[in-house]
Each structure stands twice: as C-alpha cells, then as structure tokens.
Colleague: 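One structure, as structure tokens, below. Some questions next.
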Number of protein chains: 2
Amino acid sequence: MNLLLLDDADFVAADRVILRDRRLTHLLEVHRAESGDRLRVGRLGGQMGEGRLLRLEANEAELQVSFDQAPPAKLPLTLLLALPRPKMLRRVLQTVAAMGVPRLVLLNSYRVEKSFWQTPFLEPEAVREQLILGLEQARDTVLPEVIIEKRFKPFVEDRLPALAAGSLGLIGHPGPWPECPRALSEPVTLAIGPEGGWIPYEVDKLREAGLNPVQLGERILRVETAVTALLARLF
Amino acid sequence: MNLLLLDDADFVAADRVILRDRRLTHLLEVHRAESGDRLRVGRLGGQMGEGRLLRLEANEAELQVSFDQAPPAKLPLTLLLALPRPKMLRRVLQTVAAMGVPRLVLLNSYRVEKSFWQTPFLEPEAVREQLILGLEQARDTVLPEVIIEKRFKPFVEDRLPALAAGSLGLIGHPGPWPECPRALSEPVTLAIGPEGGWIPYEVDKLREAGLNPVQLGERILRVETAVTALLARLF
C-alpha cells in the first residue's frame, strides 16, 4: 500500500478521516505507523496529497488530510481481455489498475471455460477490491471502468467497432505477425486472448472490427505477464 | 504447460521417454490427452521437437520423441533482484525463466526482511521447480543461472564490476531519472530493488559499480510487474 486511498464514507469533516478496516490493520501491522506520521493519501476518483496521523488506536485511526496533486495520467487504451481463470483474474485486475488502464472489457472466448463466468471474483465488489489494491500499489485514485461481455460475437460485431473507432486496433497474438509497435502516443484498442489463444474465427472477427495481430516473440507468456509486457512495449 | 520438458532420467531409449509424475497428471487432467496425440516436447538444456503418445495409463505415459529445433534465444541480460518476499519469489522465478533471462542474482538489500532468506523456496530444488514451470510456459529448455548473494556490499564492490563489464548498467528506480531506454540489442545489467526501493546508500554503491538509474514513470509497480515491464521495454 503505497497510497492510503480514502472513500467519501471515511470523511468525518472536510479534512478529517477515520479508518477502521483493513487499512487500519495495514497501518498498524505493515507500516507500524505512529501518531504524527505523515502518509501519502488519495481521494478515490480525486486528488492525492498528505495525511497526518492524529490518533492511532487498535480499533480506529484518525488522520488530517489535504489534497493538492493530480493522480498520474492513464494510458490512452481500451484493453479487451478474454476472461482469465479466477485466480489469474484477481491479479490481472490489480495489474490493470496499477498500470493505468482506464477501460477493461472482460470478454468471452471459445477457450474460456464456462465455469470461469461463475466465479465470485467477478462480483462488482470483488472486482472493485482488486482494482483498489492496484491503485494503492501504483499511487493512483481513479478506478478503471470494467465492462463484462459474456457473448463474443455480438460484442465484437456490434459494439467493438464504435469502441475502437479513432484508435489503433491491435491483437496481441503469438505467430508470424508484425512486431508489436513501441512508444505510441495515439489511442490503442488492444485485445489479449485466453490461455491457448484466440481461435482463428475469433481472430477473423477481431480483424473485421479493425484490430490487427502483433507479436512479442516466440515465447508464450501467461496472461498477466503478457498484459504487462504489451503495455510496457506500446507506451 | 505449453512444452513437455524432459529430463535425462525420463529417457528409456534414445527416442523414448516414460513419465510418471506431475507431467503425467497434467497430460491426463488438463490436456486430456489420448494415445496417438502429438505434443511439443523439449529436452532440458537441449533442443525442442515433437512427442507422440504411445501409451497413456493412469500411472504411466510413454512417448516417442524427436528433436529438431533450437530453443528461443535468451535476452542479453544479467538481472539483479533484491530478494522478494517468498510468495512473490516463486512467481518472479517463473517470470524470469519465461521471459528468457539467462542469469539472475538474488541480492540482499536494507529493505529485504531477514526472514525472507529463511524461506524453503530458496532451496535449489524449489528454485528449479519454479524455473521449470516458467520454461514450460514460454517454451524454452534452458534453465537460467541463479546466483544467491546474501551480502550486498561485498557483492556490489567486489563481484558486480566484473559481472557488469561490457554491458549497459541500469537501475530500475522510481524518481527523477532518465526514461528507461527501449529496443536495445546490447548486453544489459539491470538491478531492481525491493518493495520500497533501494536505499540511497545502495543506489550510490550500484552507481559506483557502473549502473545508472532509469525510470518507467510515476507508478510504483510490484516487483513481478516491474521485472516484466522493464524487460519488455528494454528489449
């Protein structure tokens, strides 16, 4: 937790917050904070600044806070991701938030096991929890938008062309494709497949929607690693 | 497991292997393989090729194998990493092997908790297990060399200058440093700090050994994400 992220419900006055949850535990057990300590704080969806610990007790912490700094810029990116397996999903959500992705579409694919859609980790509260961990890690305050699309074809045919309009459309896909471009500043729509990759039909449909395959080399990367590697290469 | 990695002990003839361990379970339960199936295989430290399943039984699989393909090239890199916490260490070892790092130095730092050095995940067999998972994921056959250095100062003063000689020395470090360079083809020695970063004394010592700080932006990344992002940016 490199940023203490505050929600509206934490505020007891314009410049005062009280914490009682996991963040209190973290202050006590990991930061081993003490009264008077100064900490980086951020207001969810808003600015970042500094907090001073007025009181730190076993069941409650009180901080005086002020905000004067904009959160870091997001990437100019819409990321389409075939729904990963539940354990990977949680880490990917953290990574996506930490790397500064503003919009994530979790999409079905032939190689996504049907059971993955049943995971409690897809509940809005569970998704939000992982995104917040990513924001706290990277020092950002703005939650990414997460869109869940359980049907590949209608999404790719009907919604994707508008979503990708005006952006460079790319599919991260192993194979004999051009190398993934580097150091872009234009908007990008990037699709990353499931373990085992998109099937040819899916690649064709994504291409019809204006996305073109690019590759990172011969090595097959786990989804989480591929997301990080592609974003670090592109921007 | 995108590559079935074979060890000398698996061979019962020059072109035959028998499997009884976790790889057998994986063939049965994840691949749901059947007799006659063809699979990608690799010989640990050697070439890659194809295997044909001759027999697949509950306690034993037999394959006929042939090898005709070199493993993918490694990166021209020595990676110095402050020892991560045990859970992160396991994933980082997989990532390092998957990304093609040929040499990893696990190093002490002021911010590495002493208890991290006690983890059973640092035992040679445990390290090898994670590296092999990374090779199987990425389709590579060559284990990275892993060097364990429990003392920062003697390593950085006495061994690092020779290890880094002839390479571009970099420290991935948040702050007002030059941007991390891109698309290098020259050899690199890259140092990545612990959670919380190298302390100023450590940065000074690394600089004396010829390494210079570079940054990836304002966002603070987890070690595993930072490793992937820096490697994807550099090469």
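A note on names: the letters A, B, ... follow the listed sequences, proteins ahead of strands, and every chain is numbered from 1.
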Colleague: Has the side chain of A:E202 got a donor or acceptor atom that lies under 3.5 Å from a matching backbone atom of A:I199?
Modeller: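 Such a contact is found between A:E202 side chain and A:I199 backbone.
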Colleague: Would you please test B:D140 and A:R219 for salt bridge (charged side-chain N to carboxylate O under 4.0 Å, His left out) and show each step?
Modeller: CA-CA 8 Å; B:D140 188 357; A:R219 296 173 181 276; 3.1 Å; yes
Colleague: Quiz question: by atom type and distance under 3.5 Å, do the side chains of A:T189 and A:S167 form a donor-acceptor pair?
Modeller: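 Yes, a side-chain donor-acceptor pair sits under 3.5 Å.
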Colleague: With respect to B:E50, which candidate in B:Q64, B:Q69, B:R38, B:R40 satisfies the side chain to side chain donor-acceptor pair (under 3.5 Å) definition?
Modeller: B:R38
Colleague: Under 4.5 Å heavy-atom distance to chain A, tell me which part of B:E195 shows up: side chain, backbone, both or neither.
Modeller: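 Contact with chain A is absent: no heavy atom of B:E195 under 4.5 Å.
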Colleague: Counting heavy-atom pairs under 4.5 Å with chain A, which one of B:E218, B:M99, B:Q94, B:R182 comes out on top?
Modeller: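 Among the listed options, the one with the most contacts to chain A is B:R182.
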Colleague: When you measure from the side chain of A:T141 to the backbone of A:G46, do you find a donor-acceptor pair of N or O atoms at a distance under 3.5 Å?
Modeller: yes
Colleague: Please identify, among B:R139, B:E224, B:R222, the residue contributing the most non-hydrogen atom pairs under 4.5 Å to chain A.
Modeller: B:R222
Colleague: Between B:A98, B:G217, B:C180, which has the largest tally of heavy atom pairs under 4.5 Å with chain A?
Modeller: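 Top count of heavy-atom pairs under 4.5 Å with chain A: B:A98.
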Colleague: Heavy-atom pairs under 4.5 Å with chain B - which of A:A229, A:P72, A:G134 has more of them than the others?
Modeller: A:P72
Colleague: Need one label for A:A97: side chain, backbone, both or neither, based on atoms under 4.5 Å from any heavy atom in chain B.
Modeller: backbone
Colleague: Less than 4.5 Å to any heavy atom of chain A: does that hold for the side chain of B:A73, its backbone, both, or neither?
Modeller: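 Backbone of B:A73 only, per the 4.5 Å heavy-atom cut-off to chain A.
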Colleague: In a check of salt bridge (Lys or Arg N to Asp or Glu O under 4.0 Å) between A:D7 and each of A:R23, A:R43, A:R128, which one passes?
Modeller: A:R128
